[in-house]
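Here's the structure we're looking at; comments come further down.
Note on naming: letters A, B, ... go to the chains in the order of the sequence lines (proteins, then strands), and numbering restarts at 1 for each one.
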Amino acid sequence: MRLSRYFMPTLREAPADAQIVSHQLMLRAGMIRQEGAGIYAWLPLGHRVLKKIEQVVREEMDRAGAIEVLMPTLQLADLWRESGRYDDYGDEMLRIKDRNDRDLLYGPTAEEVITDIFRAYIKSYKDLPKNFYNIQWKFRDERRPRFGVMRGREFLMKDAYSFDIDEAAARRSYNRMFLAYLNTYARLGLKAIPVKADPGPIGGDLSHEFIILADTGESEVFAHQDLVDMGAPGPDIDWDGDLEPMVAQRSQLYAASDEMHDAARFEAEVPPDKRMTARGIEVGHIFYFGEKYSKPMKALVTGPDGKDAPIHGGSYGVGVSRLVAGIIEASHDEAGIIWPDAAAPFGAAVVNLRPGAADVDAVAEQAYKALTDRGKEPLLDDRDDRPGAKFASLDLVGIPWQLIVGPKGVAGGMVEIKRRATGERQTLPLDAALKVITA
RNA sequence: CGGAGUGUGGCUCAGUCUGGUAGAGCACCGCGUUCGGGACGCGGGGGUCGCAGGUUCAAAUCCUGCCACUCCGACCA
């Protein structure tokens, strides 16, 4: 992409409405524009980041055996009357009427829709397990939207739903999601801690929230340091095998957010030098809910014994649009955003310091083409602007690499590369620079 | 939903108390000089002062009502 033809409206000052750093930086980087309380338009740069994150989430879901679908944003109230949630959900549900006076709603989640789909087609235990997910916009009419896309009313969520014959099988589905989530966050450059969550009326221990560490996070986390250091399991695991040991290893060490924290247990279970307290942001929530929807909605399958029984369900959510803000909270400095490579809107920026100078243009174009050919999705800064302005805005939007082409370097056959995250610079011939960036 | 606050060119803000017909910086347009960390000069364009009523010779400013947005608290990807 040539910046001179792109749309990247950066701001030198943050709008006064933005209170937290991710919101300020998203506005300054020209990623989003607010249309109303908790409602945002995604501008080109923000949209690219959102798509990148979405793709990482998608790949990890697919790897773990989930199947992608796309459910509607508008849902029929009758379905929610079946599950009993239409009246329970309250004012957070945006209720709509169509021209025939039929009650609709803008989906805040999709258990009812997916259960309706499931029950229409799947009748036998032989077709289980199944896990369907979609990445779709949700709307929850929050009492108090805030902090930009961190807590919007409209937000992009990946929601997955598992269907199993019994609780033991459901636990296996749960475990797959548990590990897939850790891999997802790790790929996005985040430290994520699974903490036990309030399982609600179903009980049991099958509910976890995933909290990423960021100094500016809203909630406080208490955890065993070994859990923090353990890292993600990685993609090369046997997804059909016994995942219980890996999950147990990560769910037995103490970890809790403020509302579930038990100071006495923390001190009893965790030695003093292993007690970690930090701030974090919730970016995922998984839980097992058994027959909560399958029973009232009659999502039954025939078991090996020939009898029909409600399936055991679980659901698994990732706040995709929230992750955009979460990553920024976890990764920024005074100059702006520092994207991890997997989420970066562009892999590298080729900075032409003197557009119009034929020799500089030639090298910049050559670098741009080479990076394009190698799949780095580069941004060519060919704006007619001063070097300082270019560096400042590219630092602000957080592109991981800058490949700087200026008259002095070109005269000596060299370019400069700069790594955004560390500020580290190297002066190299173009070929060597390209090798470093594409390594 | 309770409490607090803010609405003035795209952004940051001054002007409101004490009424006299709107201003600065950034951004934008033109010309010129600049050019390795958000340049400078000269010239220029852009604002129903959130909306609706009211008071007044006169309202951004005073009064009434409404709307929007932000923050703090109880709830959530």
Side-chain angles (χ1 to χ4, degrees), chain A residues 9-20 23-24 27-28 30 33-39 43 53 57 89-93 107-110 135-160 181 184-185 192 197-198 200 208-212 218-219 257 259 281-287 315-326 334-336 351-357 360 381 383-397 402 404-411 414-416 418 423 425 427:
Chain A
T10 57
L11 258 31
R12 294 183 64 162
E13 291 174 286
D17 281 350
Q19 297 296 315
I20 62 166
H23 191 195
Q24 292 170 347
L27 291 169
R28 287 191 55 209
R33 173 174 171 80
Q34 181 166 15
E35 294 295 337
I39 301 176
L43 304 182
I53 295 172
V57 171
Y89 216 90
D91 290 337
E92 276 199 12
M93 177 185 282
T109 176
I135 301 173
Q136 176 64 294
W137 292 93
K138 303 295 188 292
F139 195 94
R140 294 183 190 171
D141 202 354
E142 300 275 352
R143 289 196 188 95
R144 186 148 105 75
R146 66 189 121 160
F147 302 145
V149 299
M150 186 74 80
R151 176 84 181 261
R153 291 193 291 172
E154 187 180 43
F155 59 98
L156 188 62
M157 180 165 86
K158 185 287 297 177
D159 39 323
Y181 273 37
T184 301
Y185 300 125
D198 184 353
H208 285 87
E209 290 176 357
F210 291 79
I211 304 206
I212 57 169
E218 283 185 86
S219 47
S257 60
E259 66 264 27
I281 300 162
E282 185 192 337
V283 290
H285 195 164
I286 62 178
F287 46 94
S315 71
Y316 314 89
V318 171
V320 177
S321 48
R322 175 180 281 186
L323 268 172
V324 179
E334 323 73 52
V351 191
N352 184 339
L353 291 185
R354 193 69 63 85
V360 179
D381 189 347
R383 291 175 295 181
D384 181 20
D385 215 334
R386 295 168 62 86
K390 297 187 179 200
F391 293 135
S393 60
L394 292 170
D395 285 348
L396 171 64
V397 304
Q402 291 172 19
I404 302 156
V405 185
K408 291 175 195 162
V410 166
M414 306 290 264
V415 298
E416 187 182 4
K418 182 184 133 182
R425 298 156 182 276
T427 301

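With hydrogens and angles ignored, the 3.5 Å screen pairs a side-chain donor or acceptor of Q34(A) with a backbone N or O of G36(A). A donor-acceptor pair under 3.5 Å is absent between the side-chain atoms of K138(A) and the main chain of K158(A), judged by distance alone. Judged by distance alone, with hydrogens and angles left aside, the side-chain atoms of R28(A) form a donor-acceptor pair with the main-chain N or O of L11(A) at under 3.5 Å. Side-chain N or O atoms of R153(A) include one that pairs as donor or acceptor with a backbone N or O of A37(A) at under 3.5 Å. In this structure a side-chain-to-backbone donor-acceptor pair under 3.5 Å is present from R140(A) to P108(A).
Listed nucleotides: rA77(B), rC1(B), rG38(B). Nearest to the side chain of A392(A): rG38(B). Of the candidates rG37(B), rG38(B), rC75(B), rG38(B) carries the atom nearest the L396(A) side chain, counting heavy atoms from C-beta on. The side chain of S321(A) has rA77(B) as its nearest neighbour among rC72(B), rA77(B), rG37(B). Taking every side-chain heavy atom of R144(A) into account, rC71(B) is the closest of rC71(B), rC75(B), rU12(B). The side chain of R322(A) lies closest to rA77(B), out of rC71(B), rG38(B), rA77(B). Ranking rG37(B), rC76(B), rC71(B) by closeness to the Q19(A) side chain, first place goes to rC71(B).
Ring geometry, F210(A) versus H208(A): the interplanar angle falls from 30° to 60°, so the pair is classed tilted.
Judged by Watson-Crick or G-U wobble contacts below 3.5 Å, the nucleotide rC62(B) has rG54(B) as its partner. Pairing partner, rC75(B): none, since no Watson-Crick or wobble contact has both distances short of 3.5 Å. Searching all strands for a Watson-Crick or G-U wobble partner of rU21(B) with both distances below 3.5 Å returns nothing. Pair assignment for rC42(B) gives rG30(B), based on Watson-Crick or G-U wobble hydrogen-bonding distances that are each under 3.5 Å. The partner of rU70(B), taking Watson-Crick or G-U wobble pairs whose two distances both stay under 3.5 Å, is rA4(B).
Of the C1' atoms belonging to rU55(B) and rU61(B), the separation is 13 Å, rounded to the nearest Å. Between the P atoms of rC11(B) and rU48(B), the separation comes to 14 Å (whole Å). Spacing between rA39(B) and rC1(B) at atom P, rounded to whole Å, works out to 48 Å. Rounded to whole Å, the C1' atom of rG46(B) lies 16 Å from the corresponding atom of rG25(B). Taking atom C1' in both rG19(B) and rC62(B), the straight-line distance is 8 Å, to the nearest Å. Rounded to whole Å, the P atom of rC51(B) lies 22 Å from the corresponding atom of rG5(B). For the C1' atoms, the distance linking rA27(B) with rG38(B) amounts to 12 Å, nearest Å. Across the C1' atoms, rU12(B) and rG3(B) are found 28 Å apart, a figure rounded to whole Å.
Rounded to an integer number of Å, the gap from CZ of R153(A) to P of rA68(B) is 10 Å. Rounded to whole angstrom, the span from the CZ atom of R143(A) across to the C1' atom of rU70(B) amounts to 19 Å. Per the geometry, CG belonging to D385(A) stands 17 Å off P belonging to rU34(B), to the nearest Å. Atoms CH2 (W137(A)) and P (rA77(B)) sit 17 Å apart, rounded to a whole Å. Separating the CZ atom of R146(A) from the P atom of rA77(B) is a distance of 13 Å, rounded to the nearest angstrom. When rounded to the nearest whole Å, the span between CZ of R33(A) and C1' of rC69(B) equals 13 Å. Rounded to an integer number of Å, the gap from CG of D384(A) to C1' of rG38(B) is 15 Å. Straight-line distance from the CZ atom of R12(A) to the P atom of rU12(B): 15 Å, rounded to whole Å.
Within the nucleic acid shown, R28(A) comes within 4.0 Å of at least one base atom, counting heavy atoms only. In this structure, Y181(A) reaches neither bases nor backbone, as no heavy-atom distance under 4.0 Å exists between it and the strands shown. Nucleic acid contact for A16(A): sugar-phosphate only, since backbone atoms but no base atoms lie under 4.0 Å from a heavy atom of the residue. The residue G152(A) sits close to a base: some heavy atom pair falls under 4.0 Å. As judged by a 4.0 angstrom heavy-atom cut-off over every strand, G36(A) is placed among residues touching the sugar-phosphate backbone only.
When the nearest nucleotides of RNA chain B are assigned to P407(A) and G284(A) by heavy-atom distance, the more 5′-ward of the two goes with P407(A). Where I404(A) and M150(A) each meet RNA chain B at their nearest nucleotide, the meeting point lying more 5' is that of I404(A).
Residues E282(A) and S257(A) have side chains not in contact (no heavy-atom distance under 4.5 Å, counting atoms from C-beta outward). The shortest side-chain heavy-atom distance between D395(A) and Q402(A) falls under the 4.5 Å cut-off.
The side chain of Q34(A) places no N or O atom within less than 4.0 Å of a non-bridging phosphate oxygen (OP1 or OP2) of rA68(B). A close approach under 4.0 Å does occur between a side-chain nitrogen or oxygen of R386(A) and OP1 or OP2 of rA39(B).
In this pair, F155(A) lays its aromatic ring flat on the base of rA77(B), centres within 5.5 Å and planes under 30 degrees apart.
With hydrogens and angles ignored, a donor-acceptor pair closer than 3.5 Å exists between the side chain of E13(A) and the base of rG25(B).
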